[in-house]
Amino acid sequence: MTERRKPAGQPDKRRAIVAGALTLFARDGYTRAGLDAIAAEAGVSNRTIYNHFLDKAELFQTVIQESTQRVAGTMVDIIDRHLSKVVDLEKDLVDFGLAWIGVLTSDLAPHFALIRQINAEVEHIPPAALKLWQETGPGRTRRELAERLRRLAERGDLAIADPARAAGHLMLLISADNLTDRADLHDEDALRAMVTAGVRAFLHGYGR
C-alpha cells in the first residue's frame, strides 16, 4: 500500500490549489479536469500540487471533504435558526425552505455545481470520495433535519413515524430542482411559490 505523502509547503499554496481544483472540478468534472489546468487556475506549478497531494484522486477527495463540510455547516445553521423554535409551522417551514434554497446562489454555489458533475459521472468518481460526500454532506444535514422534525412530532405539530424519511421528503419538496429553469433561482416570487407549494404538500402528508 502506498504511504500517504505528508503535506509540505505553504498553507496559502494549499488553499489556492484546493480553491482552483474546486473551480475546475465544478466546471469540467472529475474526469476532464487535469492537474495542468488546476495548477494554472491556482497559479502554482504541478510540482507544488504534488508537494501537497499524492494524485488527482486525493486532491478531489480533499476538495469534496472541505467543500462539503463548509456547506453542511451552513445548512445545519439554517436548520437551527429556523426550526429550533417554531411558532407558525407553515410560515417557519417556508422561511426555512427559502433560506435553504438561498444557499444555491450564495458564495457556496460552486459546491452545487460540483455535485451536479459528480451525479453526471458517478461511475468515474473514486468510491472513497463518494462515501465521504454522502456521510459528511447529505447524510449529516438529513440527520439534523430529521431530529428537528422528530421534536416537532413529539410536541404534536406533525405526525411522523420515520423522521429520516420525512426529512428526505421535505428536502425534495422544497428543492430548486423542481424549477423548470435554474434562472428562476433569482426570481423571488417563483421561489416562494415553489417552496410554499412544497411545504403545503409536506404538511398535507405529515400535518396533524
Side-chain angles (χ1 to χ4, degrees), residues 1-76 78 100-145 167-168 171-172 174-186:
M1 182 177 179
T2 303
E3 183 179 352
R4 188 182 185 281
R5 181 175 297 136
K6 295 181 180 179
Q10 300 177 352
D12 60 332
K13 293 291 187 183
R14 183 186 183 281
R15 285 192 293 270
I17 293 166
V18 172
L22 173 58
T23 298
L24 267 293
F25 287 137
R27 189 189 73 193
D28 300 335
Y30 175 74
T31 304
R32 294 186 299 277
L35 289 181
D36 288 344
I38 291 172
E41 179 71 25
V44 301
S45 67
N46 274 22
R47 180 184 295 276
T48 301
I49 291 180
Y50 284 113
N51 283 341
H52 292 271
F53 304 97
L54 285 174
D55 50 26
K56 186 169 80 167
E58 185 184 53
L59 174 56
F60 183 75
Q61 184 164 322
T62 299
V63 169
I64 284 287
Q65 180 177 18
E66 295 188 6
S67 182
T68 298
Q69 287 176 340
R70 186 163 56 252
V71 171
T74 299
M75 294 302 202
V76 170
I78 290 172
W100 186 275
I101 297 303
V103 176
L104 297 178
T105 55
S106 71
D107 59 354
L108 298 174
H111 172 81
F112 299 98
L114 174 62
I115 299 309
R116 290 194 293 275
Q117 291 286 4
I118 290 174
N119 288 329
E121 55 176 346
V122 64
E123 294 180 356
H124 303 289
I125 303 298
L130 284 175
K131 183 178 179 181
L132 185 66
W133 164 54
Q134 286 290 342
E135 290 179 351
T136 61
R140 180 188 174 196
T141 55
R142 185 168 175 167
R143 287 191 298 272
E144 293 286 346
L145 181 56
M171 287 190 290
L172 286 171
I174 64 173
S175 171
D177 289 341
N178 293 323
L179 293 173
T180 56
D181 186 343
R182 294 192 68 83
D184 286 342
L185 284 170
H186 301 281

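Scope of the values below: all heavy atoms of this structure, side chains included, with no hydrogens, waters or symmetry mates.
- Among residues two or more places apart in sequence or in another chain, the side-chain hydrogen bond (donor to acceptor under 3.5 Å, both in side chains) test is passed with Ser106 by none.
- Listed by chain and number, the residues in a side-chain hydrogen bond (donor to acceptor under 3.5 Å, both in side chains) with Asp36 are Asn46 (sequence neighbours excluded).
- Smallest separation of non-hydrogen atoms from Ala39 and Ser45: CB-C, 4.1 Å.
- Arg27 pairs by the side chain to side chain contact (heavy atoms under 4.5 Å, CB included) definition with Leu24, not counting sequence neighbours.
- Applying the side-chain hydrogen bond (donor to acceptor under 3.5 Å, both in side chains) test to residues at least two apart or on different chains, none of the pairs has a partner in residues 127-144.
- Residue Phe25 holds its CZ atom at 6.0 Å from NZ of Lys56, rounded to the nearest 0.5 Å.
- The two residues Ala128 and Gln61 come nearest to each other via the heavy atoms CB-OE1, 3.3 Å.
- For the residue pair Val44 and Lys13, the shortest heavy atom distance occurs at CG1-CD, 3.9 Å.
- Among residues two or more places apart in sequence or in another chain, the side chain to side chain contact (heavy atoms under 4.5 Å, CB included) test is passed with Thr74 by Ile78, Val103, Leu108.
- The ring pair (Phe, Tyr, Trp, His ring centres under 6.0 Å) test applied to Trp100 returns Phe96, not counting sequence neighbours.
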Side chains of residues 119-126: which donor-acceptor pairs under 3.5 Å do they make with residues two or more places apart or in other chains?
residue: Asn119; atom: ND2; partner: Ile115; partner atom: O; Å: 3.4
residue: Glu121; atom: OE1; partner: Thr31; partner atom: N; Å: 3.3
residue: Glu121; atom: OE1; partner: Thr31; partner atom: OG1; Å: 2.7
residue: Glu121; atom: OE2; partner: Tyr30; partner atom: N; Å: 2.4

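- Residues passing the side-chain hydrogen bond (donor to acceptor under 3.5 Å, both in side chains) test with Thr68, sequence neighbours excluded: none.
- The structure places CG of Leu35 at 13.5 Å from CD of Glu41, a figure rounded to the nearest 0.5 Å.
- Under the 4.5 Å side-chain criterion, counting only non-hydrogen atoms from C-beta, Ile118 is in contact with Ile64.
- Counting only heavy atoms from C-beta outward, the side chains of Gln117 and Arg32 approach each other to under 4.5 Å.
- The structure places CZ of Arg15 at 10.0 Å from NE2 of His52, a figure rounded to the nearest 0.5 Å.
- Here the closest heavy-atom approach between residue Ala26 and residue Pro110 is recorded as CB-O, 3.5 Å.
- Interatomic distance, Phe53 CZ to Thr48 OG1, rounded to the nearest 0.5 Å: 11.5 Å.
- Listed by chain and residue number, Arg14 satisfy the side-chain hydrogen bond (donor to acceptor under 3.5 Å, both in side chains) test with Glu66 (two or more places apart in sequence, or in another chain).
- Scanning for side chain to side chain contact (heavy atoms under 4.5 Å, CB included) contacts around Ala19 gives an empty result, with sequence neighbours left out.
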